[in-house]
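Below you'll find the structure, written out as structure tokens, and then a few comments.
Values below: all heavy atoms of this structure, side chains included; hydrogens, waters and symmetry mates excluded. Numbering starts at 1 and runs along the sequence shown.
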Amino acid sequence: MGRTEEAHYRERAQRKKALVDRRIARATIDRGVLVVNTGNGKGKSSSGFGMLARSLGHGFNCGVVQFIKGSFTTGEDLFFRRFGEAFADRLEYHVMGEGFTWETQDRERDVAAAMAAWDVAARMLADPAFDFVLLDELNIALNKDYVPLEAVLAAVAARPERQHVVITGRGAPEALVDAADTVTEMRLVKHAFKAGIKAQHGIEL
């Protein structure tokens with residue numbers, strides 16, 4: 001890089017730093033946030049569990065409720081529940097789904113499982129002892145009318161001020177998106193399954 005190019009690079013970096021510094025200075029609100037991960041692409045739950053790991057790393061008290069997964073073991077279940085003795089006193093973890101709806105083929109059973117999971121989730125959302133709550137694939141339960149949307153919106157609105165909540169799953173209702181502080185929509189570009197590659201441990205499971 002020549003001296004002129006180096007000078008231009010430094011000037012652009014300085015302008016960028018000044019812009020970022022101004023944005024940081026304006027961000028003065030300090031409270032818990034509601035994060036929604038949705039869309040058809042891969043990574044919604046993975047992102048939520050990444051934030052769970054961060055929160056545990058910061059010493060937070062955390063809660064997890066999985067609304068759909070339950071008929072098969074996932075890597076996050078193995079890690080956080082079975083290998084997490086070091087933070088067992090700071091993590092309450094519930095796998096309460098009956099599996100994918102096309103496997104159960106029983107709406108009444110699916111609704112009962114989702115409502116039982118919601119009872120646990122609602123308790124966590126009302127408890128100031130929880131700093132971070134992950135409601136994995138709740139969006140699917142909402143999208144299929146297994147859990148009343150009004151109850152979820154009321155619970156997240158009334159939660160303790162500093163509690164962070166992450167809700168995952170495709171098909172997030174518009175009202176939940178509107179209520180959230182941060183929303184990410186995962187877009188599917190390619191997926192190995194469509195090429196005939198079965199779900200892999202460490203990637204999908």
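- Remark: the backbone N or O of Phe60 is paired with a side-chain donor or acceptor of Arg90 at under 3.5 angstrom.
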Run the side-chain donor-acceptor check on residues 172-183: report pairs under 3.5 Å with partners two or more places apart or on a different chain.
residue, atom, partner, partner atom, Å
Asp181, OD1, Arg31, NH1, 3.4
Asp181, OD1, Arg31, NH2, 2.7
Asp181, OD2, Arg31, NH1, 3.2
Asp181, OD2, Leu34, N, 2.8

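- Counting only distance, with no hydrogens or angles, the side chain of Lys44 and the backbone of Met186 share no donor-acceptor pair below 3.5 Å.
- Nearest heavy atoms, Asn37 versus Gly48: ND2-N, 4.0 Å.
- The neighbour count for Gln200 CD, taken as heavy atoms of other residues, nucleotides or ligands under 6.0 Å away, is above 12.
- For Arg22, the salt bridge (Lys or Arg N to Asp or Glu O under 4.0 Å) criterion is met by no residue, not counting sequence neighbours.
- Closest approach of Gly171 and Asn143 over heavy atoms only: O-ND2, 3.2 Å.
- For the atom pair Cys62 SG and Phe87 CZ, the distance stands at 9.0 Å (nearest 0.5 Å).
- Nearest approach of Ile68 to Glu137, heavy atoms of both residues: CB-OE1, 3.1 Å.
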Anything under 3.5 Å between a donor and an acceptor, one on a side chain of residues 152-160, the other on a protein residue two or more places apart or in another chain? List them.
residue, atom, partner, partner atom, Å
Arg159, NE, Gln163, O, 2.9
Arg159, NH1, Val156, O, 2.7
Arg159, NH2, Gly32, O, 3.4

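- Here the side chains of Glu6 and His8 are not in contact, with every heavy-atom distance at 4.5 Å or above.
- At most 12 heavy atoms of other shown residues, nucleotides or ligands fall within 6.0 angstrom of atom CD1 in Ile29.
- The two residues Met115 and Tyr146 come nearest to each other via the heavy atoms SD-O, 3.4 Å.
- Annotation: side chain of Asn61 is not in contact with side chain of Leu91 (no heavy-atom distance under 4.5 Å).
- Across every non-hydrogen atom of Leu142 and Val147, the tightest pair is CD2-O, 3.5 Å.
- Contact between Ser45 and Thr168 at its shortest, heavy atoms only, is OG-OG1, 3.7 Å.
- Annotation: salt bridge (Lys or Arg N to Asp or Glu O under 4.0 Å) contacts of Asp119 (sequence neighbours excluded): none.
- Under the rule for a side chain to side chain donor-acceptor pair (under 3.5 Å), Asn139 has no partner lying at least two apart in sequence or in another chain.
- Contact check for Arg123 versus Glu92: side-chain heavy atoms found under the 4.5 Å cut-off.
- Legend: residues meeting side-chain contact (heavy atoms from CB on, under 4.5 Å) with Ala117, ordered by chain and number and at least two apart, are Val65, Phe67, Met96.
- Contacts of His164 classified as side chain to side chain donor-acceptor pair (under 3.5 Å), with partners at least two apart in sequence or in another chain: none.
- Of the residues listed (Val64, Ile167, Val35), the one engaging Leu134 in a side-chain contact (heavy atoms from CB on, under 4.5 Å) is Val64, and it is the only one.
- With sequence neighbours excluded, no residue forms a side chain to side chain donor-acceptor pair (under 3.5 Å) with Thr38.
- Considering only residues two or more places apart in sequence or on other chains, Lys17 meets the side chain to side chain donor-acceptor pair (under 3.5 Å) condition with Asp21.
- Partners of Arg54 according to the salt bridge (Lys or Arg N to Asp or Glu O under 4.0 Å) rule, which considers only residues two or more places apart in sequence or in another chain, do not exist here.
- Between the CG atom of Leu56 and the CG atom of Asp131 there is a distance of 10.0 Å, given to the nearest 0.5 Å.
- You'll find the side chain of Val36 stays beyond 4.5 Å of the side chain of Thr184, heavy atoms only.
- In this structure, Phe132 and Val166 have side chains that are in contact, with non-hydrogen atoms separated by less than 4.5 Å.
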**Message:** Under the criterion salt bridge (Lys or Arg N to Asp or Glu O under 4.0 Å), I'd like the reasoning laid out for Glu185 against Arg170: C-alpha separation, chi angles, the key distance, then a yes or no.
**Reply:** CA-CA 9 Å; Glu185 183 171 2; Arg170 64 184 61 199; over 6 Å; no

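- Under the salt bridge (Lys or Arg N to Asp or Glu O under 4.0 Å) criterion, Asp30 pairs with Arg162, sequence neighbours left out.
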**Request:** Under the side-chain contact (heavy atoms from CB on, under 4.5 Å) rule, what do Arg107 and Arg109 come out as? Steps first, then yes or no, please.
**Result:** CA-CA 5 Å; Arg107 179 175 173 79; Arg109 177 176 152 188; over 6 Å; no

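- Hydrophobic cluster membership of Val20, counting Ile, Leu, Val, Met, Phe, Trp and Tyr whose side-chain heavy atoms lie under 4.5 Å apart directly or via other members: Ile24.
- A salt bridge between Glu5 and Arg10 is absent, with no side-chain N of the basic residue lying under 4.0 Å from a carboxylate O of the acidic one.
- Side-chain N or O atoms of Ser47 include none that pairs as donor or acceptor with a backbone N or O of Gly43 at under 3.5 Å.
- Between His191 and Lys42, the closest side-chain pair of non-hydrogen atoms falls below 4.5 Å.
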